[in-house]
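Only one structure is covered here, and it is reproduced in the block below.
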Number of protein chains: 2
Amino acid sequence: MRRGLRAALWSLAQFPAPLSGRPDRGAGNCALSRSPGGRRGESLTLAVGCRPVGAGTGRNRAPYEWTAPREGDTRRLPRVAKVTRDDVARLAGTSTAVVSYVINNGPRPVAPATKERVLAAIKELGYRPDRVAQAMASRRTDLIGLIVPDARQPFFGEMAHAIEQAAAERGQMVLVGNSDYLDEREVHYLRAFLGMRVSGLILISAGPSEHAAAEIDAWEARVVLMHRRPEAIDDVAVVLDDTGGAQLATRHLLEHGHEYVACLGGVESTPEQGDPVTDHIEGWSRAMREAGRSTEGRLFQSPYNRYDTYRVALDLLAGPDRPTALFCATDDQAIGVLRAARELDLDVPGELAVVGFDDVKEAALTDPPLTTVGSDREAMAKAAVDLVLDDSLRVSSTRNGGVQGGKGRVRQFPSGLVIRRSCGCHPPKPY
Amino acid sequence: MRRGLRAALWSLAQFPAPLSGRPDRGAGNCALSRSPGGRRGESLTLAVGCRPVGAGTGRNRAPYEWTAPREGDTRRLPRVAKVTRDDVARLAGTSTAVVSYVINNGPRPVAPATKERVLAAIKELGYRPDRVAQAMASRRTDLIGLIVPDARQPFFGEMAHAIEQAAAERGQMVLVGNSDYLDEREVHYLRAFLGMRVSGLILISAGPSEHAAAEIDAWEARVVLMHRRPEAIDDVAVVLDDTGGAQLATRHLLEHGHEYVACLGGVESTPEQGDPVTDHIEGWSRAMREAGRSTEGRLFQSPYNRYDTYRVALDLLAGPDRPTALFCATDDQAIGVLRAARELDLDVPGELAVVGFDDVKEAALTDPPLTTVGSDREAMAKAAVDLVLDDSLRVSSTRNGGVQGGKGRVRQFPSGLVIRRSCGCHPPKPY
DNA sequence: GTGAAAGCGCTAACAT
DNA sequence: ATGTTAGCGCTTTCAC
């Protein structure tokens, strides 16, 4: 039975869809009278992106055109009174409380027969509980906020996806906000999510974020930091052993016999506490030191995306003192480097060995496949979701094995080398 | 002035963040003495929880099942007495209505002096309006739901980002749900978003979606279809001229002198009304026909992602009748093809010309840069957001130029060729 | 210009 | 086991 399957699969779905027949909408016909005004309506003009080259593309005509409505255009009824819990109770001949108990499967028991009647009424009326009202009354939203710098970047996209999965398994939905590396956007979403009464908030911050810290304090919110742990924000965090991973990567490159390993970091000029890339650089320099190599003049800067890094790398690799081995702080940068190397006809790994960091899915499909530093993304996502939802994990407790809890706790995951071919190794299967 | 800028850019942000120092919470204890008491918050157990079924991390297990609430799964909102509008009113010495007027800048005017006092009180108490309560009372959430097959894929990721931007300009936030190409997930999110009372819903459907259609009907929701327009769902839609774009691409390849152009479509065996890729195939075959070429045996199938397509292409290109020109239904597939060509040491475009569709950002950085079919993504995103928010655009009206409105309307955007190098053209600058 | 008060649809304590 | 009802925090009439 199809419907049973769906219900089982997706627990948030409190009621099966009425697949057949439109429900009759209760009685009464109260028009919704709302005042039109008061909204902030702006009229911003949009910057238009790419302009395709080429002839006869129809590019310069009006941006769109209307086509005729399709066959069978059945206009809907204007706006019908919403079916509420009261309607259900009336039809089922019970009190509203019982309807509630049935819907929520608690907190009080309901006699099987009554339950049947209520469910039948729900189905008959096509009733859907109003989540806003539920949230209002229960003070619970089943919403987790997630702020990332830019979900279009593979690393963040994959992380967001993993978090969505982990959240779904806990019956929560995820609100994602892209800060686009802008401090004000970060704060904006923080505020918006918190105002929305999310159950908790996972923050992959893009910077030092004093503003974000102030906002979080102001709300006394349940926040879990991820990936980056800004000093200004003293809260529970889920991070990776970035330093260790970078060290592994650099050592590996060194073991391939390179005289030295160059490093491609971000564009920040000063090291930042809790910033993953700062840690990558630290790991790199530790490995260099322990091998007796100098890091002097071997650290380069580039934005964290393949496009800008491609250009940076074009310069770097065309220069006179081209390194023979390069550790990149992120896979996305490494991908840009690989592309530049190809442009310059440099053989990777022959003339240039490259190792990245993150193990994004795409790393397996680069040419050559990218050796990188990976981690258990799913586990980290799950940990973040758990930390955000479970008080017991955050507050110190003896039942919990006596661990120290509360703010400032950091859960660090190990990172490991994922060896492919860009480093110079030749495993049996390239992909 | 910083604050003005932020407010202009991000209208949802109703109040500036307390950038310096935490606001003092108590002017006396006025915030703490409310309602009789301890009712809430002590033992609020969760009605429904869910957790993965089966052991381990197997991919094929049934995703979720109903379970009893877990231990320590308290998940309540902050315990601290919340500052409410009442507290603000008390401190400001006004009525609660006035506080509301100030917050919303309407609907009634407020004397400047009073406004000052209220704003001062808000600041002093660190008051933040509760969006859930606002939504409850105003019946408005300022939330737009967006369902995409998989935001990790560049095309959808970029589209989601564009929609987020467009929505922000209209003061709306976007709830994104990944259906992962699963019908049940699509319905799940549809239901969840609609239950959340989103202002509207943009659906980039992954399939024919009869279930989705039923769900939408049941809610009488404001839905805008995008990208794909399933026959089962008769609603307002924003789409691209997929057929025309594909035709352009194929013609272009033909003009390069290839005997014929092969086409790489999806894995569906039957054409579907409203499916972009079906249209791409249609456009391809039109162009072939008009050039007097047969399409017989020249259409190949592959999943819509670079990884699987890489393997498919490895076979295809290593075979005996390797085409010299290939039109791919999506850029992501084209990227997989390019990678396979490299693996096989095939020169692109020399031995194999390739054209994609979508113009994802990455198309500019492939090797060689990918010629593809592009569109004005930002404009489409804006159109979708506008359609979802503005009744006037959906409902027929004479003031609106007499166009027919309501369901079934389709706004089609033009697509254009973006010429780079994979087709065989050599513009002055490769990137 | 301001205040009082009636909800919004639901949850859950308390009564029966 | 079921019913009654007091809120949840806010918006928005409607009266002053």
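Numbered from 1 within each chain, the chains take letters A, B, ... in sequence-line order. Everything numeric in this text was worked out from a predicted model, so none of it was measured.
If Pro109(B) and Ala133(B) are placed on DNA chain C by their nearest nucleotide, the residue sitting closer to the 5' end is Pro109(B). Mapped onto DNA chain D by nearest heavy atom, Ala97(B) and Thr114(A) fall at different nucleotides, with Thr114(A) at the one closer to the 5' end. Of the residues near DNA chain D, Thr94(A) and Val99(B), the one whose nearest nucleotide (by heavy atom distance) lies more toward the 5' end is Thr94(A). Mapped onto DNA chain C by nearest heavy atom, Arg197(B) and Val98(B) fall at different nucleotides, with Val98(B) at the one closer to the 5' end.
Atom CD1 in Ile103(A) sits roughly 14 Å away from atom P in dG9(C) (whole-Å rounding). As rounded to whole Å, 8 Å separates atom P of dC8(D) from atom CE of Met136(A). The separation between Arg117(A) atom CZ and dA1(D) atom C1' is 12 Å, rounded to whole Å. Summarising the geometry, the separation between CD on Gln134(A) and C1' on dC8(C) is reported as 14 Å, rounded to the nearest angstrom. Atom CZ of Arg85(B) and atom P of dG7(D) are 15 Å apart (whole Å). Counting to the nearest Å, the P atom of dC10(C) and the CZ atom of Arg128(A) are 13 Å from each other. A straight line from CG of Asn105(A) to P of dT11(C) spans 13 Å, rounded to a whole angstrom. Rounded to whole Å, the distance from CZ on Arg108(B) to C1' on dT11(D) is 13 Å.
If one axis is set at each end of the helix from dG1(C)-dC16(D) to dT16(C)-dA1(D) from five pairs, those axes are 40° apart, to 10°.
OP1 or OP2 of dA13(C) has not a single side-chain nitrogen or oxygen of Tyr101(A) nearer than 4.0 Å. Look at Arg139(A) and you'll find a side-chain N or O under 4.0 angstrom from OP1 or OP2 of dG9(D). Of the side-chain N and O atoms in Ser138(B), none sit less than 4.0 angstrom from OP1 or OP2 of dC10(D).
You'll find the side chain of Asp142(B) stays beyond 4.5 Å of the side chain of Met173(B), heavy atoms only. A 4.5 Å side-chain heavy-atom check between Ile103(A) and Tyr127(A) finds at least one atom pair inside the cut-off. Considering only heavy atoms from C-beta on, Leu91(A) comes within 4.5 Å of Leu125(A) through its side chain. For the pair Leu175(B)/Ile144(B), no side-chain contact is recorded, criterion being any heavy-atom separation below 4.5 Å from C-beta on.
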Stepwise side chain to side chain contact (heavy atoms under 4.5 Å, CB included) check, Arg197(A) with Arg140(A): CA-CA 7 Å; Arg197(A) 294 248 210 88; Arg140(A) 204 165 27 76; over 6 Å; no
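For the pairing with Asp390(B), the salt bridge (charged side-chain N to carboxylate O under 4.0 Å, His left out) check across Arg170(B), Arg222(B), Lys382(B) returns one residue only, Arg170(B). The one candidate from Asp86(A), Asp87(A), Thr94(A) that meets the side-chain contact (heavy atoms from CB on, under 4.5 Å) condition with Val99(A) is Thr94(A).
Among the atoms of the strands shown, only primed sugar atoms or phosphate atoms (P, OP1, OP2) are found under 4.0 Å from some heavy atom of Thr84(A).
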